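These notes are about the structure you will find just below.
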Amino acid sequence: MSSSTSTTATTSKTINAQANALWQKQPKANAEFFALTYGALVAELVRDLEQTTEIQAELDRMGHSIGIRFIEEVLAKAPELKVSQQFMETVDVVKVAMKLFLGVTVEIVTSADDQYIVKMNENPLMVFVELPEDRQDLQYSQLLAGMLRGMLEMLQFDCDVSISSSTTTGNKEIHELKVVLKQVLQGGAGEEYQEE
Amino acid sequence: MSQFLSNSTILDRPVGRSQRSAEQNVSLSAFSYLFSEMVQYHQNRVDSVSALEHRLEAAGYGVGLKVLELLAYRARDYTRQTKLMNMLQFVSTTAWKALFGKAADSLEKSIDHADEFMIVDYAPITSTSVSVPADLGGLSVDAYISGIIAGMLQGAGFPARVTAHTVEEGDRKKAVFLVKFSASVMSRDATIIG
């Protein structure tokens, strides 16, 4: 797979400007209220499921469910986004999506032909959160990972999305999501989105 | 002393006293999708509409307690409300603005019952993007907001039973949060001068 060249990829500045313009038009909700609601949900999962792996799996599943629907909104609001068979071009879609969803500008760094890292300077979900000693291994923001996975799946890319850094693991200041392509899905619903 | 505090915890991070952080936003879509997943999660674990509403209320209750603390901390004068009407004003204006971006549409007192009040909102954020299927008739997902109100009132020392109702007004619907204070609150309030 060829890496994107400057003639086909929109520049980072253009995409950020585009994302910001779209964000201005998005109906809003209070970020703290959103964070508290997510917290109530996670607390409920912890009470019901107890096992960290199960809690994370449920958050991931919920995120996936959100992602497969939210991608429609992203593509509808940003029709100029190129949806193609090039995995690396999903970077632009992810940037716009994260901005439209959370109002957060992300930086994306390509680490190989089939993977990239999504870096967030701020994570609205975790603004009031600190994990207790016995839950340090819980990836609290797993919902976001599931969401990216769901969105990319609708774009015909089957990926592994994991949280590679958060306030509890890795580099504690930055929140990062690692996206690794597993395989390109064949045909089906994606075809009408693809350009010739 | 400081050697025991070497690890930076969440208590060391600013909670955002500034208005700027309080006014940060995510998209309404983000909230709606999240809330939708929350409702579906609870829906799969209960087998009646009232049980689902109870779960949503319970979820909101914890949020209400926290919101009260957060708003009280942010208010420069740390005033604790002691009069019932002032507390209701706080909930329907200050708290509503913080959570939903605008004050509640109205705060009303019941004519029939001295211990009942209504907070009215024409477009509660929880139900504007939700459509309830016919077989769940009667479900009000606004129960989550009822829980938040109840949590705030409880935390402030005004225990009350809060329920959400959808009322038709002409050709539009409004959400009415009925707040019924416990007897202890009513009798105490009668003795407070001011």
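Please read these numbers as outputs of a predicted model, since none were measured by experiment.
- Contact count against chain B (heavy-atom pairs under 4.5 Å) is highest for A:R69 among A:R61, A:E73, A:R69.
- Using a 4.5 Å cut-off between heavy atoms, B:I125 touches chain A through its side chain atoms alone.
- The aromatic ring centroids of B:F31 and A:F34 lie 6.0 Å or more from each other.
- Contacts of A:I66 with chain B are made by both backbone and side-chain atoms, with heavy-atom separations under 4.5 Å.
- Heavy atoms closer than 4.5 Å to chain A are found in the backbone of B:A98, but not in its side chain.
- Between B:K109 and B:E116 there is no salt bridge, since no side-chain N of the basic residue sits under 4.0 Å from a carboxylate O of the acidic one.
- Between B:I119 and B:W96, some side-chain heavy-atom pair lies under the 4.5 Å cut-off.
- The candidate from A:L100, A:L41, A:T37, A:L102 with the greatest count of non-hydrogen atom pairs under 4.5 Å with chain B is A:T37.
- Contact annotation for B:S32: neither backbone nor side-chain heavy atoms come within less than 4.5 Å of a heavy atom of chain A.
- The backbone N or O of A:Q26 sits less than 3.5 Å from a side-chain atom of A:K28, completing a donor-acceptor pair.
- Within 6.0 Å of the NZ atom in B:K173, the count of heavy atoms belonging to other residues, nucleotides or ligands does not exceed 12.
- Heavy atoms closer than 4.5 Å to chain A are found nowhere in B:Y61, neither backbone nor side chain.
- The contact between A:P124 and chain B is made entirely by side chain atoms (from C-beta outward), counting heavy-atom distances below 4.5 Å.
- Under the 3.5 Å distance criterion, with hydrogens and angles disregarded, a donor-acceptor pair is assigned to the side chains of A:E89 and A:S84.
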